[in-house]
Amino acid sequence: MKLITFEVPSGALKLGALRDDSEGLIIDLAAGALDIGLENSSLASMLSLIEAGPNGSQIASEVVDAAKTMQHREWAGISSSSIKWKSPLPVPPQLRDCLMFEEHLLNSYAMLRKTLAEQEADPEAALAEYEAKGVYRIPSVWYDIPVYYKANRFSFIGHDEDIIWPEYSEKLDFELEYACVLNSYTKDVSLEEAKKRIFGYTIFNDVSARDVQSVEMQASLGPSKGKDFDTGNILGPCIVTADSVDADDMTMIARINGEEWCRGNSGSAHWTFAEVIAHASKSETLVPGECIGSGTVGGGCGLEHGRFLNPGDVIELEVSGIGTLRNRIVRKNQ
């Protein structure tokens, strides 16, 4: 199933599913369950569905199946043009973001060395010196443990919502990631058990103010205002249930204003979500609905290409099996 959260004209948020026969049509799951005589309290929201466990998913699946034969019912075929897409989880219970892709780090550090060398009198010689000294290289600890930071769970938007440019930044970037969503309380789990704790997957755009981030990261504490601003975290357009996609082989593409900037694959990750979950759950309880971002796929941000975003740009992040997450950048007073 492809599950979404959408807003109707009254302002109410509802849990929906995309119709298999057309991504342009949406099923109102709670209304459908009520119509066909099923308990629908577990379908009140995405988090309610996840917390309900297998029983909630079974009810949702039955509603989706019923919609195929009841297309004349209003709840069974809502036009996507009549709703507003929201983050599938408007306020996730927790958000962790990782660095699972080695290629992203190699590309980013190479670009940082180049940028630093260009400020010297002899850029070519400076670059050779930086490379010989190992300036901006992947720390060895990255290969020992799957690192992550906890991010701002209150700044999420969804598909087709505008990104508001933070006024304190002049260099804005996107990050092409995907994320897993946990299905249950999880603590001290094995690697094998961790694989079973994934409810589904979604696309994640971790928008970054690179000029601010480059300064604050010198304090070795982690990102703050380089990542923390309203509309800076984006999930969507849907959550695909784990049984519906091969998460180890998804093509990942980023387009800016229709121009392809990168193309990667989820299978190129050095770390797996199961490894992240097993590590993060050591003596700590992870919760249903928690989101874990993969980190940027190789080539999946402007920093790696020496290119950044402009007001008015339209970002499209496509991940096969999930869909395309689209957002426009808006800068106030411009």
Side-chain angles (χ1 to χ4, degrees), residues 4-7 80-81 83-92 95 97 104 107-108 111-112 115 149 151-179 202-217 223-238 252-264 291 293-319 322-334:
I4 71 167
T5 295
F6 64 100
E7 181 180 315
S80 60
S81 63
I83 59 95
K84 182 178 182 180
W85 297 78
K86 305 298 289 185
S87 167
L89 281 160
V91 183
L95 171 66
D97 200 14
H104 165 65
N107 291 342
S108 297
M111 185 57 67
L112 289 171
T115 301
Y149 68 93
N152 186 352
R153 68 190 187 94
F154 297 106
S155 61
F156 275 92
I157 58 173
H159 177 64
D160 268 347
E161 294 191 272
D162 288 342
I163 301 165
I164 307 302
W165 189 297
E167 291 304 313
Y168 54 79
S169 174
E170 294 300 326
K171 191 175 287 185
L172 205 63
D173 200 0
F174 70 95
E175 293 193 5
L176 171 55
E177 308 185 25
Y178 75 112
T202 186
I203 303 171
F204 179 37
N205 185 357
D206 174 28
V207 184
S208 302
R210 293 296 189 201
D211 47 350
V212 177
Q213 181 188 12
S214 65
V215 172
E216 64 192 12
M217 292 296 286
S224 51
K225 295 309 293 181
K227 303 280 189 178
D228 288 350
F229 48 88
D230 290 346
T231 73
N233 288 320
I234 312 168
L235 290 178
C238 62
M252 303 175 68
I253 304 169
R255 301 183 185 89
I256 307 299
N257 302 324
E259 176 191 353
E260 184 173 313
W261 280 29
C262 80
R263 181 180 292 256
C291 292
S294 65
T296 309
V297 70
C301 69
L303 174 64
E304 296 177 59
H305 304 277
R307 305 173 68 181
F308 296 96
L309 300 170
N310 295 298
D313 283 352
V314 175
I315 306 165
E316 291 180 300
L317 305 184
E318 178 182 347
V319 178
I322 301 178
T324 299
L325 176 63
R326 181 178 61 246
N327 301 91
R328 182 172 63 100
I329 299 173
V330 174
R331 186 160 193 174
K332 294 179 179 178
N333 303 320
Q334 284 194 4

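Small disclaimer: the values here were computed from a predicted structure and weren't measured.
Under a 3.5 Å cut-off, the side chain of N327 and the backbone N or O of I315 do not form any donor-acceptor pair. The backbone N or O of A151 lies less than 3.5 Å from no partner atom in the side chain of D228, so there is not a single donor-acceptor pair. With hydrogens and angles disregarded, no donor-acceptor distance shorter than 3.5 Å links the side chain of S87 to the backbone of L235. Of the possible donor and acceptor atoms, none in the side chain of D162 sits under 3.5 Å from a partner among the backbone N and O of I164. Between the side chain of R153 and the main chain of P92, a donor-acceptor pair closer than 3.5 Å is present. In this structure, the side chain of Y178 does not engage the main chain of M252 through any donor-acceptor pair within 3.5 Å.
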Item checked: R331 vs E170, salt bridge (charged side-chain N to carboxylate O under 4.0 Å, His left out): CA-CA, chis, key distance, verdict -> CA-CA 11 Å; R331 186 160 193 174; E170 294 300 326; 2.9 Å; yes
Item checked: Full working for side chain to side chain contact (heavy atoms under 4.5 Å, CB included) between I253 and W261 -> CA-CA 8 Å; I253 304 169; W261 280 29; over 6 Å; no
Next item on the list: Apply the test side chain to side chain contact (heavy atoms under 4.5 Å, CB included) to residues I256 and F174: give CA-CA distance (whole Å), side-chain angles for both, the deciding distance (0.1 Å), then the verdict.
Entry: CA-CA 10 Å; I256 307 299; F174 70 95; 3.9 Å; yes
Notebook entry, point to check: Yes or no on side chain to side chain contact (heavy atoms under 4.5 Å, CB included) for E304 and H104, after CA distance, side-chain angles and deciding distance?
Noted result: CA-CA 7 Å; E304 296 177 59; H104 165 65; 2.6 Å; yes
Check: Do C238 and I322 pass the side chain to side chain contact (heavy atoms under 4.5 Å, CB included) test, and can you show the C-alpha distance, the side-chain angles, and the key distance before you say yes or no?
Finding: CA-CA 7 Å; C238 62; I322 301 178; 4.1 Å; yes
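Between the CD atom in E7 and the CD atom in E161 there is a gap of 8.0 Å [rounded to 0.5 Å]. Put simply, CG on D230 and CG on N152 are 8.0 Å apart, with the number rounded to the nearest 0.5 Å. In this structure, I83 CD1 and T5 OG1 are separated by 10.0 Å, a value rounded to the nearest 0.5 Å. Atoms CG and CD1, on L172 and I163 in that order, are 7.0 Å from each other to the nearest 0.5 Å.
V212 has its side chain out of reach of S224: every pair of non-hydrogen atoms, C-beta onward, lies at least 4.5 Å apart. Counting heavy atoms from C-beta outward, F308 and D211 have side chains that stay 4.5 Å or more apart. Residues N310 and I329 are not in side-chain contact: their nearest non-hydrogen atoms beyond the backbone lie 4.5 Å or more apart. The closest side-chain heavy-atom distance from H305 to C262 is below 4.5 Å.
Side chains of S155 and N233: a donor-acceptor N/O pair is present below 3.5 angstrom, by distance only.
None of R326, R328, K86 except one satisfies the side-chain hydrogen bond (donor to acceptor under 3.5 Å, both in side chains) rule with D160; the exception is R326. Of the residues listed (L317, T324, I203), the one engaging P237 in a side-chain contact (heavy atoms from CB on, under 4.5 Å) is I203, and it is the only one.
Nearest heavy atom pair, residue E177 against residue D97, reads OE1-OD1, 2.6 Å. Nearest heavy-atom pair across S208 and F229 is N-CZ, 4.5 Å. A pairwise comparison of heavy atoms in G298 and N107 identifies C-ND2, 4.3 Å as the closest pair. Shown here for A179 and F204, the closest heavy-atom pair between the two residues is CB-CB, 4.2 Å. Contact detail for F156 and L95: the closest heavy-atom pair is CZ-CD2, 3.4 Å.
With sequence neighbours excluded, the residues forming a salt bridge (charged side-chain N to carboxylate O under 4.0 Å, His left out) with E175 are R210, K227, listed by chain and number.
Taking a cutoff of 4.0 Å between a charged side-chain nitrogen and a carboxylate oxygen, E318 and R255 qualify as a salt bridge.
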